[in-house]
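Worksheet: one structure, shown below.
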Amino acid sequence: MKEIAKAYEASQFEDEIYKKWEKSGAFSGGAKANSKKTPFSIMMPPPNATGTLHLGHATMLALEDTMIRYKRMAGFDALWIPGTDHAAIATQSVVEKKLQSEGIKNPREELGREKLLAEIRKFVEKSQGTIRNQVKKMGSSCDWTREKYTFSDEMNESVNELFKMMYDDGLIYRGGRIVNWDPKMQTTVADDEIEYVEEKAEFYTFKYGPFEISTSRPETKFGDKYVVMHPDDKRYKKFKHGDTFECEWINGNITATIIKDKAVDPKFGTGVMTITPWHDLTDFEISQRHDLDKEQVIGYDGKLLEIAGEFAGMKISDARPKIVAKLAEKGLLVKVDENYIHNTAKSYRGQGQIEPQIMEQWFVDVNKKVVDWKGKKLSVKEVLQDTVKTGMINIIPENSEKIYFHWIDNLRDWCISRQIWWGHRIPVFHKNGEMKVSVTSPGKDWEQDPDTLDTWFSSGLWTFSTLGWPKKTEDLMRFTPSDVLETGYDILFFWVARMILMSTYALRKSGFSEEKSIPFKNVYLHGLIRDIHGKKMSKSRPETCIDPLDMIAKYGTDAVRLSLMIGSTPGNDMRLYEEKIGGYRNFVNKIWNGSRFVMMNLDENSSLDPKTFSRADKWILTRLNEIIKKVTKSLDNYQFSEAGTTIYDFFWGDYCDWYVEMSKVKKNSAVLKHVLETSLKLMHPFMPFVTEAVWADLNSTLLITESWPELNKKFNFESESEELERIIEVVTAIRSLRAESKVDATKKIHAIIYAHEDLKLVEEKSEIIKRLANLGELEISKDGEKIDKAISTFVKDIEIYLPLADLIDFEVEKIRIQKEIENLENFLKSLQTKLNNPGFVKNAKPEVIEQEENKEREASQKIEKLKIQLTNLQ
RNA sequence: GGGCAAUUAGCUCAGUUGGUUAGAGCGCCACAUUGACAUUGUGGAGGUCACAAGUUCGAAUCUUGUAUUGCCCACCA
């Protein structure tokens, strides 16, 4: 006989159970050939191979594992492909910092490309192992035999292949454009990867010929020789477009040209500005429109160039005050506003100050119509819109779709080249000014472009490259499109939209139908996890951070999973705090202890025979059917919080607190076991470890491969349970009465109910009552006599309340019926109004009208019935 | 400036087609506890469902407006 632990120690079970699952092959969905089951697949959003698992990952893993386990039990070939992401900029930045802390001041110069890449590779390999273990810690039932990495050789092949396809289609082009240059990381940064930080800065107004112009960036103004104003601005009517004038400027005289352009806001400042096309997007666009000269002022290293004259070679921060001083000396400084608030652009990754620059970069043209889509040629932008608009892809929560469309409307060409080393190298080769795009190197004397691709370019292929594309593998044919993409709403644009773009383009090109070329059918966006004050958890404030691994060590994986899923609805942020996890740990323990108790009370001879069912048995079985229905429906509708709460309430409130307690008086072992087993199945997707641990003591099979419970029609005893519900109502009334009269006798209320209903049926019970009534006073002082504990407690209450119960019963029933009649009559009235409305009759579908008529009939029948009941009572 | 949301008990949050008396967990108060479980049980207090108007027999739920909070996008020299 095993020693029975008082509490469930998660750490003693979890690793062992995970190994058992892995060994059983349960994770490899659809691995069997010729499977007739319906496929269900999820590609895990790959965590960065840089660090450790955070709460965002934990949430994602918990939700996806719940879906996968549910579908697996429900008879699908459930495939969940795990992987890691090389996260180009983030990883290189981390490793460079690490090397710097080890004394290598400038890793890129000192080590060179190959050696630095080797360092990064070494680092990634190590942290991949860490991530893998942490994913396992969460209980993730993903198929490790199909694990993928965004920077593997196969992935590289897929990326190169796609690049070439897009290039050949003219979708990828090279051009000089304003890009967001990060002088710190020496690379470009995508628009989406920029954060604007509000800063107080000095805002200068200078004299510029006959005008006054304002700027917060005097250091860019050296080359400014165009002065721009709105064409309709009356103040400057006398100046004509194209007019020139001489004026004194920073380094001597210049010739300025007047340009009229609508981009200027006449209400801002003086309504006049000078432009710096090389370092500002708006200015660049103006200069493109009027075909103006563009001059570089700031170098890629963030220092001023020759054009700055005496200031050349200086850093911006050093040069700015000196330039202002010089202009002031010349009498050109009009005023300084020191409280000017403006937004400065910072890199989302490295927090470096962004300096717009014109550079030759690679772009994806989002407006070129090259995709064969439903009989037309569409641009990738149009396909992005169509997939969601037509419901081919369903985004949860629904309102995210609006955000998605809004983003697409503002979408510009996507700059895909990056000047860092860690990442997929652009498959472009150069030889003596010649250029060739090729999947593999065209020859020894060809040199590959030094730039790499934006990490989202390769991540965009994730859903189909993980299945083997461009090879038409069995997996690709079977599992595309995947069923759900589950991720945080913060990367809807970064990633989700790009996957749709890449997948539809690549798979249409490979001959897949429109329906088969989308990356996924559903997108489920979870919210961000915040701390108890609703603040974002950030690494810079470690006290706000909750480490999922610490929590797992302390409370167990199941508790962590539940606390991340319950109370979280799609698209909404959720606050997490340790007490919440502790609460769910208590639930895990409740399952363990409840199950222990049931196991100790099992009777092997008992069988599930409706003839032996007491009312309590019928009630719990009916309830169980309701719960199966509700949990299944919630899971099918991605309502994980709802499903989790439902089963939590049922197991703790109905099963443990009511039914198991009742069974201490009178038990049906078979029902006890049946309900426990079914509950374990229902709970398994949410809390796989504890349910599997308990299951192991009940059965020799593995719970993970058991099938999902179905409704058992034989166990629907609604008419009987209705009666029981009524008794519960009576007892509720007793409770409130007891509170009023302050009778100081509390006992488990379910015992009363049980006795109450059974007293009418079982004569032996009244024997017991009599016996105890003979004792006279039933009030027993705390240190009083010892009487038979097995019966005394509940009988005491019954003795006191039973006479009252009948009275209350009568009154409660009367009020209840009256109220119900009233409600039904109102309901009926509203139905009749609706049915008499000619507009409704004319426009509604016939089946809707029929439905309403049925409702009407049912309601009036019920009213009749209730009225008879009421008369009988009076 | 444009857009998206949120506002329900002291705290954190559910509440999906409008329907009996608005729920849970935590916290608080009282009581119980030789029990499978103090990681427990029972009961209680605590809500003008942000505010206002409207639709309806009936509104936390639908409409409009107001307030507050949060987020996203764009960005002006």
Side-chain angles (χ1 to χ4, degrees), chain A residues 4-8 191-192 196 203 205 213-217 220-221 224 228 263-265 267-276 280-283 286 342-343 345 397 399-400 402-403 405-407 409-410 489-490 492-493 527-528 530 532 534 555 559 563 566-569 571-577 579-580 582-601 634 637 639 641-642 644-645 648-649 653 656-657 660-661 664 732 735-736 738-739 744-751 782 789-790 793 816 819-820 822-830 833:
Chain A
I4 294 168
K6 285 233 168 187
Y8 171 70
D191 289 346
D192 297 327
Y196 289 91
F203 190 59
T205 303
I213 55 132
S214 301
T215 182
S216 59
R217 302 206 55 194
T220 62
K221 296 285 160 202
D224 289 12
V228 191
V264 181
D265 176 4
K267 287 188 210 96
F268 187 88
T270 57
V272 181
M273 66 179 191
T274 59
I275 56 166
T276 315
D280 186 279
L281 181 64
T282 318
D283 295 1
I286 292 170
H342 78 146
N343 290 326
N399 63 48
S400 302
K402 286 186 198 166
I403 302 171
F405 290 128
H406 189 252
W407 177 79
D409 291 341
N410 296 312
Y489 67 77
D490 52 333
L492 177 64
F493 310 133
L528 302 181
R530 295 171 176 278
I532 191 156
Y555 300 104
S563 63
I566 293 184
S568 155
T569 44
N572 288 325
D573 293 351
M574 188 187 69
R575 299 180 190 199
L576 184 75
Y577 41 93
E579 289 76 14
K580 185 171 172 185
Y584 288 111
R585 186 266 322 267
N586 295 356
F587 178 53
V588 172
N589 191 54
K590 187 77 185 176
I591 295 173
W592 175 258
N593 274 306
S595 310
R596 292 292 104 185
F597 178 77
V598 171
M599 277 178 237
M600 290 187 323
N601 286 283
S634 300
N637 291 326
Q639 294 168 317
S641 178
E642 186 72 9
T645 313
Y648 175 100
D649 288 344
C656 288
D657 290 348
V660 174
E661 285 297 335
K664 287 176 182 171
T732 314
R735 281 180 200 163
S736 56
R738 183 178 55 191
D744 183 22
T746 23
K747 200 45 226 170
K748 293 176 180 172
I749 213 75
H750 26 90
K782 266 186 199 168
K789 280 220 160 186
T793 44
R816 193 183 68 85
K819 195 132 194 185
E820 199 173 337
E822 199 183 310
N823 281 328
L824 278 168
E825 277 173 348
N826 279 334
F827 180 56
L828 203 61
K829 205 169 143 193
S830 74
T833 322

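Below, read A as the first sequence line, B as the second, and so on, with proteins coming before strands; counting in each chain starts at 1.
Separating the C1' atom of B:rA9 from that of B:rA22 is a span of 11 Å, rounded to the nearest Å. Taking the C1' atom of each, B:rC57 and B:rG23 are spaced 26 Å apart, rounded to whole Å. Rounded to a whole angstrom, the distance from the P atom of B:rC4 to that of B:rG19 is 26 Å. Spacing of C1' atoms, B:rC28 relative to B:rU63, comes out at 40 Å, to the nearest Å. Rounded to the nearest Å, the gap between the P atom of B:rA24 and that of B:rU42 is 12 Å. Nucleotides B:rG1 and B:rG47, compared at atom C1', are 39 Å apart to the nearest Å. Across the C1' atoms, B:rA45 and B:rA53 are found 34 Å apart, a figure rounded to whole Å. Look at the C1' atom in both B:rG44 and B:rG27: the space between them is 14 Å, to the nearest Å.
Residue whose closest nucleotide on RNA chain B sits further toward the 5' end, between A:L576 and A:S595: A:L576. Both A:K402 and A:R575 lie close to RNA chain B; mapped to their nearest nucleotides by heavy-atom distance, the more 5′-ward contact belongs to A:K402.
A:I591 and A:S595 make their closest contact through O-OG, 2.5 Å (heavy atoms, listed as atom of the first residue, atom of the second, distance). The heavy-atom pair separating A:M574 from A:S568 by the smallest distance is SD-CB, 3.4 Å. The two residues A:K590 and A:C656 make their nearest non-hydrogen contact at CE-CB, 3.7 Å.
Nucleotide B:rU63 forms a pair with B:rA53, judged by Watson-Crick or G-U wobble geometry with both contacts under 3.5 Å. Of all nucleotides present, only B:rG70 satisfies the Watson-Crick or G-U wobble test against B:rC4, with each distance under 3.5 Å. B:rU20 is unpaired under the criterion used here, namely a Watson-Crick or G-U wobble arrangement in which both key atom distances are under 3.5 Å. Nucleotide B:rC26 forms a pair with B:rG10, judged by Watson-Crick or G-U wobble geometry with both contacts under 3.5 Å. Pair check for B:rG41 finds B:rC31; Watson-Crick or G-U wobble, both atom distances under 3.5 Å.
In this structure the side chain of A:K580 never reaches within 4.5 angstrom of the side chain of A:I566, judged on heavy atoms.
Computed from coordinates, the A:L281 CG to B:rC76 C1' distance equals 12 Å when rounded to whole Å. Per the geometry, CZ belonging to A:R596 stands 17 Å off P belonging to B:rG35, to the nearest Å. Here B:rU39 presents its C1' atom at 5 Å from CG of A:N589, a figure rounded to the nearest Å. Here B:rA74 presents its C1' atom at 15 Å from CD1 of A:I403, a figure rounded to the nearest Å. The interatomic distance linking A:I566 (CD1) with B:rC13 (P) rounds to 15 Å, in whole Å. Protein atom CG of A:D649 is 12 Å distant from nucleotide atom C1' of B:rG15, rounded to whole Å. In this structure, A:I591 places its CD1 atom 13 Å from C1' of B:rU39, rounding to the nearest Å. In this structure, NZ of A:K580 is placed 21 Å from P of B:rU39, rounded to the nearest angstrom.
The side chain of A:D280 sits closest to B:rC76 out of B:rC76, B:rG25, B:rC71. Listed candidates were B:rG15, B:rG25, B:rA36. Nearest to the side chain of A:E642 is B:rG15. Closest to the side chain of A:M273, from the set B:rG25, B:rU39, B:rA77, is B:rA77. For A:K221, counting side-chain heavy atoms from C-beta on, the closest listed nucleotide (B:rU39, B:rA77, B:rA36) is B:rA77. Side chain of A:Y648, nearest nucleotide from B:rG25, B:rA36, B:rC71: B:rG25. Closest approach to the A:D657 side chain among B:rU42, B:rA36, B:rC71 is made by B:rU42 (side chain taken as heavy atoms from C-beta onward).
Using a 4.0 Å heavy-atom distance criterion, A:T282 is classed as a sugar-phosphate-only contact. Using a 4.0 Å heavy-atom criterion, one finds that A:S216 contacts the sugar-phosphate atoms exclusively. Using a 4.0 Å heavy-atom cutoff across all strands shown, A:T215 reaches sugar-phosphate atoms only and no base atom. A:G594 comes within contact range of at least one nucleobase, with a heavy-atom separation under 4.0 Å. A:S568 comes within contact range of no nucleotide atom at all, as no heavy-atom separation falls under 4.0 Å. At the heavy-atom level, A:D573 lies nowhere under 4.0 Å from the strands shown. Note on A:K590: a base of the nucleic acid sits closer than 4.0 angstrom, heavy atoms only.
If you check the side chains of A:Y489 and A:D573, you find a donor sitting under 3.5 Å from an acceptor.
Applying the 4.0 Å criterion to OP1 and OP2 of B:rA14, one finds that A:T569 has a side-chain N or O inside that range. Phosphate contact (OP1/OP2 of B:rU40, side-chain N/O of A:N586, threshold under 4.0 Å): present.
Here the side chain of A:S214 pairs no donor or acceptor atom with the backbone of A:T205 at under 3.5 angstrom.
A distance of 10.5 Å separates CD1 in A:I286 from OG1 in A:T276, rounded to the nearest 0.5 Å.
Relative ring orientation between A:Y648 and A:Y584 is described as perpendicular, the plane-to-plane angle rising above 60° on a 0-90° scale split at 30° and 60°.
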